[in-house]
Visitor: 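Here it is, the structure in full.
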Amino acid sequence: MASRPLERMVSIDEQLRQLIPAKVSEDDKLVEYDALLIDKFLHILNDLHGQRLTQTVQAAYELSAEYEGKHEAQKLEELGKLVTSLDAGDSIVVAKSFSNMLNLANLAEEVQIAHRRRNKPKKGNFSDENSALTESNIEETFQKLVVEMKKSPEEIFHELKNQTVDIVLTAHPTQSVRRSLLQKYARIKKFLFQFYAADSSDDKKELGESLQREIQAAFRTDEIKRTPPTPQDEMRAGMSYFYETIWTGVPSFLRRVDTALNNIGITQRVPYDAPLIQFSSWMGGDRDGNPRVTPEVTRDVCLSARMMAANLYYNQIEDLMFELSMWRCNEELRARAYEIHSSAKKDDVAKHYKEFWKRVPLNEPYRVILGNVRDRLYHTRERSRHLLAQGHSDIPEELTYTTVQEFKQPLELCYRSLCDCGDRAIAEGSLLDLLRQITTFGLAMVRLDIRQESDRHSDVMDAITKHLEIGSYHEWSEEKRQEWLLSELSGKRPLLGPDLPQTEEVKDVLDTFHVIAELPPGSFGAYIISMATAPSDVLAVELLQRECRVKNLLRVVPLFERLADLEAAPAALARLFSLHWYRNRINGKQEVMIGYSDSGKDAGRFTAGWQLYKAQEDLIKVAEQYNIKLTMFHGRGGTVGRGGGPTHLAILSQPPDTIHGSLRVTVQGEVIEQSFGEQNLCFRTLQRFTAATLEHGMRPLLSPKPEWRALMDEMAAIATEEYRSIVFKEPRFVEYFRLATPELEYGRMNIGSRPAKRKASGGIESLRAIPWIFAWTQTRFHLPVWLGFGQAFKQAIAKDKNNLKMLQEMYNQWPFFRVTIDLVEMVFAKGDPSIAALYDKLLVYPELWPFGEQLRAKYEETENLLLQVAGHKEVLEDSPYLRQRLRLRDSYITTINVLQAYTLKSVRDPNYARERNKISKDSAADEASKTAANELVALNPTSEYAPGLEDTLILTMKGIAAGMQNTG
């Protein structure tokens, strides 16, 4: 197909306007933003790789756009001929170009969303995954509670200051974009925003040049991670968000909460010791199936985080010393300042700041107090640094801060003194911010959760019982396990002698507990037991904590993941609470984690969602029966198939009375960047969690009617049978799955330290939920999300025509059901069965083609039934902004899908690869392009694939992930 000349490249804007409906509203600038970025990129591409390759990229885009306009299979064939004519180097450039353009399109979307947010759009449908329409605004939430729900401002303040949201950053390998690129994209977004806000032509010219530089810098950066990250790398990447946004974002957000409270008549501020927002981490603590997370890694991660926190506090104390120069103070502070000043002159403790003490007179008492705090923070930081670098330190522990209360006391003294002396306004400035940061971050920055599989603890118990010659723990019944564990917990007999035989696995578990015992209090959060099924799983961890002399005991959290475990969880928890020893241990509080990922992989999205809902209701009832406050820990992933979706909707659609002002939730992979990548994103994330948690607890929530429950139970049974009959019982499924998707090639992306499988061998059951979702996302078929829905709807409606009306009633009145349907509808808007059919045609054996056709027929049937239930004529008809954004991405994604499918064929079929290479050698590439192509191919000289294939494949994976805005 003939390409248009370079000077008309900006006419890509015309192509987009043909595909996308007229402006959604007057403030719709999405196409304009996207066209500007893509135009600049294409000129860069032309300068770097020449007009021939630029026109190839443009031609591929046009074919994709034409396909997306009418979905004609012929256009996919033409696109296939184009990509197979490329040599190795050109394939890399084309893949990299489209991946880059998709990331630019995402940036255009984010700027458009920010533009709309400034213009305060009206409320709309809540299936829009990223827009302002899906927000829980703190001011609006307060007003809604007062005006619509008749709550008093005092009630709101009381509930708010007593609630806690703990955001847990995980290390799951789903962030496919390198950190250096994320930083460049942030600058592009900033310059684009400023470009359209600029008034003068000179400003626009300079900002346009800045845009050009950053886009070129991003394109010239290698997108591919050449080596897998270590757990320490993951931790450092996670910590960067605290440095860049979260550290300053928390006090800024809490000030906004103060303002919102003031607007409803509450003159008090949120108390500085109210833990509204907390942060935890799994980076370096999640050892479930990850052999790279060793006890040494856990120790290093904790010490690194502690050192970072001390350094941040140190810098803020120095700033605060300049600010608090006043001389007036209360007697309590003056006495403490005199004590410090006197001892500092005599003692060698403060030798690091000896000159400082000579210069600071007692008429600056706050500086004396803060100087002492700074000394101890210095020692805290340096001791952590020494322990991290060499395993020991000459700095005595008593010169450091080991507890938060020690650290907070002198600052609280300063706060009280300022207030007593009429300087409350000063106290409620930077000092208040610092006190709030201490409440949020402690001395550890984030509390590290430890996660380990229940079987690993059973292995330790088995080693102990065999050594004691009392039998095999593995062979005991649950009742006998509980009896023995409780007897040991109630006694004083040591179980871990030096002569205990230890395998590497047993030693690893015990060494982890020894690290927990060794590190300062506050370093850890919860100990999470994966694949928990029974009370003995919890008691075993309690016993190991005692045996390893853990003084500051971690709360032990069972994680119920698979469908059967969720069903049995309430009974298991009741048995646990019935144990007198355990009730005394937990002091009226318990945390339970529920897993969205593995439950979805086990039974399908429909059944998993309903079972998670019912399990929460039943767990809360059990806790209430024993007068125990239960905190639900939601292990949500980034994608819909793993429990993902808009944060506030996920919270508001939880069963009534299951949050009670206490919530823990995981934030995973690319969702961390989407939540905390910039200050405004950080603010909106904190706002969503806080406002939605408050609203859930204070508004009357609708419980499902008995007839709705009955229908859901019937449909869940049907959906499970349909899902499992295909995924686990169909003998051809595993072979088809591995041929029709890039599942086998997933590990080459190097996006996480954890292996893709729990075990080296095995089928779907051993595959982790992330690569399971990832593979189907790449082909735009999304099977794990929708499989089971269609059959459940079909049989329910066929059984009784009135069921359709009931389903529509459920959709319109029940938040949980509506959110479930809307999120699956959004996934259908991202899907394309014709693209999946192309993968089948190129990669799947002909004898399996009928199976693929059968699945695609189910896809179409499910989509139609879903629209009937929602009362929609087309997907996302109530979400025009989201529909527009998805259509904008589609024309880029299609080229990458086609390139990926043909690259996979080349990777897997050596004969096809040789034939394709022969064709591409005959193409007329100019010398400049050949040189550039050879440089790109040389980036990965050790690949066992033909030159360029591995990089092309990885780039297509990253590009599709950018287009889907998630990986797994």
Side-chain angles (χ1 to χ4, degrees), residues 166 275 278 280-281 284-285 287 294-307 309-310 376 379-380 383-384 386-388 391-393 395-409 438-439 441-452 457 460-461 464 485-498 500 506-529 537-557 579 581-591:
D166 191 350
Q278 302 283 277
S280 300
S281 171
R287 56 223 331 112
T294 63
E296 292 74 24
V297 165
T298 297
R299 181 177 179 276
D300 287 356
V301 162
C302 286
L303 289 171
S304 296
R306 193 173 182 81
M307 185 175 70
R376 292 190 69 176
H379 292 309
T380 302
R383 179 175 167 82
S384 295
H386 297 163
L387 291 172
L388 188 63
H392 66 274
S393 175
I395 298 174
E397 191 173 58
E398 58 266 24
L399 298 187
T400 71
Y401 285 122
T402 56
T403 69
V404 170
Q405 196 52 40
E406 278 183 292
F407 179 27
K408 193 184 286 188
Q409 277 177 349
I438 295 170
T439 298
F441 304 109
L443 286 166
M445 182 78 83
V446 291
R447 295 154 195 83
L448 185 69
D449 283 356
I450 303 296
R451 185 166 79 130
Q452 183 59 279
H457 308 130
V460 178
M461 295 297 111
I464 292 172
L485 291 166
L486 286 169
S487 69
E488 294 300 332
L489 283 164
S490 302
K492 297 181 179 179
R493 172 173 63 160
L495 299 174
L496 299 178
L500 176 70
V506 168
K507 184 177 186 301
D508 180 80
V509 171
L510 293 176
D511 285 352
T512 299
F513 280 100
H514 288 138
V515 166
I516 295 170
E518 167 197 343
L519 291 171
S523 299
F524 297 97
Y527 194 106
I528 298 156
I529 310 169
D537 293 327
V538 175
L539 296 175
V541 174
E542 295 286 9
L543 183 58
L544 288 171
Q545 289 199 86
R546 193 200 72 176
E547 287 300 310
C548 295
R549 294 178 170 78
V550 177
K551 294 179 182 177
N552 300 281
L553 296 174
L554 277 61
R555 61 187 189 276
V556 182
V557 180
L579 302 175
W581 181 93
Y582 188 73
R583 286 204 310 279
N584 287 339
R585 154 76 174 98
I586 61 176
N587 195 28
K589 295 180 181 179
Q590 177 67 50
E591 183 178 320

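Nothing here was measured: the structure is a model prediction, and the numbers come from that model. Quick note: numbers below take in every heavy atom, side chains included, and nothing from hydrogens, waters or symmetry partners.
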Visitor: Arg447 and Gly442: which non-hydrogen atoms are nearest, and at how many Å?
Guide: NH2-N, 4.3 Å
Visitor: Out of curiosity, Ile464 CD1 to Leu510 CG, how far, rounded to the nearest 0.5 Å?
Guide: 7.0 Å
Visitor: To the closest 0.5 Å, what do you measure between CG (Leu495) and CE (Met461)?
Guide: 7.5 Å
Visitor: Which heavy atom of Pro295 sits nearest to which heavy atom of Asp511, and what is that distance?
Guide: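 Result for this residue pair: CG-CB, 3.5 Å.
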Visitor: Can you find a heavy atom in the side chain of Leu543 that is under 4.5 Å from one in the side chain of Arg546?
Guide: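 A side-chain contact under 4.5 Å exists here.
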Visitor: Is any side-chain heavy atom of Arg306 less than 4.5 Å from a side-chain heavy atom of Leu519?
Guide: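 No, their side chains stay 4.5 Å or more apart.
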Visitor: Search all heavy atoms of Ala526 against all heavy atoms of Glu591 and return the closest pair with its distance.
Guide: CB-OE2, 4.4 Å
Visitor: Looking at CG of Leu303 and OG1 of Thr298, how far apart are the two atoms once the value is rounded to the nearest 0.5 Å?
Guide: 11.0 Å
Visitor: Using modelled atom types and a 3.5 Å cut-off, is there a donor and acceptor pairing between side-chain atoms of Arg383 and backbone atoms of Ile395?
Guide: yes
Visitor: What I'd like to find out is whether the side chain of Asp508 reaches to under 4.5 Å of the side chain of Gln452, using heavy atoms alone.
Guide: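 Sidechains of Gln452 and Asp508: in contact.
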Visitor: Is the shortest heavy-atom distance from the side chain of Leu539 to the side chain of Trp581 under 4.5 Å?
Guide: yes
Visitor: Going from CZ on Arg549 to CD on Glu518, what distance comes out if it is rounded to the nearest 0.5 angstrom?
Guide: 14.5 Å
Visitor: Could you walk me through whether Lys408 and Thr439 satisfy the side chain to side chain contact (heavy atoms under 4.5 Å, CB included) test, starting with their C-alpha distance in whole Å, then the side-chain angles of each, then the deciding distance to 0.1 Å, before giving a yes or no?
Guide: CA-CA 9 Å; Lys408 193 184 286 188; Thr439 298; 3.4 Å; yes
Visitor: Which heavy atom in Leu443 sits nearest to a heavy atom in Thr402, and how many Å separate them?
Guide: CD1-C, 3.9 Å
Visitor: Only counting residues at least two apart or in another chain, list the ones meeting ring-ring contact (aromatic ring centres under 6.0 Å, His included) with Phe524.
Guide: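 Listed in chain order: nothing, the list is empty.
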Visitor: To the closest 0.5 Å, what do you measure between CG (Leu496) and CG (Leu544)?
Guide: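 Taking CG in Leu496 and CG in Leu544, the distance rounds to 7.0 Å.
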Visitor: To the nearest 0.5 Å, tell me how far Leu387 CG sits from Asp300 CG.
Guide: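 Between atom CG of Leu387 and atom CG of Asp300 there are 10.5 Å.
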Visitor: Check whether any side-chain heavy atom of Val509 sits under 4.5 Å from a side-chain heavy atom of Arg287, and report yes or no.
Guide: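 No, their side chains stay 4.5 Å or more apart.
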Visitor: Closer than 3.5 angstrom, by distance alone: can the side chain of Thr380 be matched with the main-chain N or O of Tyr401 as a donor-acceptor pair?
Guide: yes
Visitor: Considering non-hydrogen atoms only, spot the tightest contact between Ser523 and Pro520 and give its length.
Guide: OG-O, 2.8 Å
Visitor: Give a yes-or-no answer on whether the side chains of Gln405 and Thr403 include a donor-acceptor pair shorter than 3.5 Å.
Guide: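 Judged by distance alone, the side chains do not pair up.
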Visitor: Between His379 and Pro396, is any pair of side-chain heavy atoms under 4.5 Å apart?
Guide: no
Visitor: Of the non-hydrogen atoms in Gly522 and Ala444, which two are nearest, and what is the gap between them?
Guide: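 Heavy atoms of Gly522 and Ala444 come nearest at O-CB, 3.4 Å.
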Visitor: Decide if atom CG of Asn584 counts as having more than 12 heavy atoms of other residues, nucleotides or ligands within a radius under 6.0 Å.
Guide: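 Yes, the 6.0 Å shell around CG holds more than 12 heavy atoms from other groups.
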Visitor: Looking at Leu554, is its backbone amide N or carbonyl O close enough to the side chain of Gln545 to form a donor-acceptor pair, meaning the two atoms are under 3.5 Å apart?
Guide: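 The answer is yes, because a donor-acceptor pair under 3.5 Å joins these two groups.
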Visitor: Among all residues two or more places apart in sequence or in another chain, which pass the side chain to side chain contact (heavy atoms under 4.5 Å, CB included) test with Ile586?
Guide: Phe577, Tyr582, Gln590, Ile628
Visitor: I'd like to check Arg585 versus Leu489 (side-chain heavy atoms, cut-off strictly below 4.5 Å). Are they in contact?
Guide: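 They are not in contact (no side-chain heavy atoms under 4.5 Å apart), so the answer is no.
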Visitor: Under a 4.5 Å cut-off applied to non-hydrogen side-chain atoms, are Val297 and Thr294 in contact?
Guide: yes
Visitor: Taking only residues two or more places apart in sequence, or in another chain, which ones meet Asp166 in a side chain to side chain contact (heavy atoms under 4.5 Å, CB included)?
Guide: Val168, Gln278, Ser280, Arg555, Arg664
Visitor: In terms of the angle between their ring planes, are Tyr527 and His457 parallel, tilted or perpendicular, with boundaries placed at 30° and 60°?
Guide: tilted
Visitor: When you look at Asp449 and Val557, which way does the side chain to side chain contact (heavy atoms under 4.5 Å, CB included) test go after all the steps?
Guide: CA-CA 10 Å; Asp449 283 356; Val557 180; over 6 Å; no
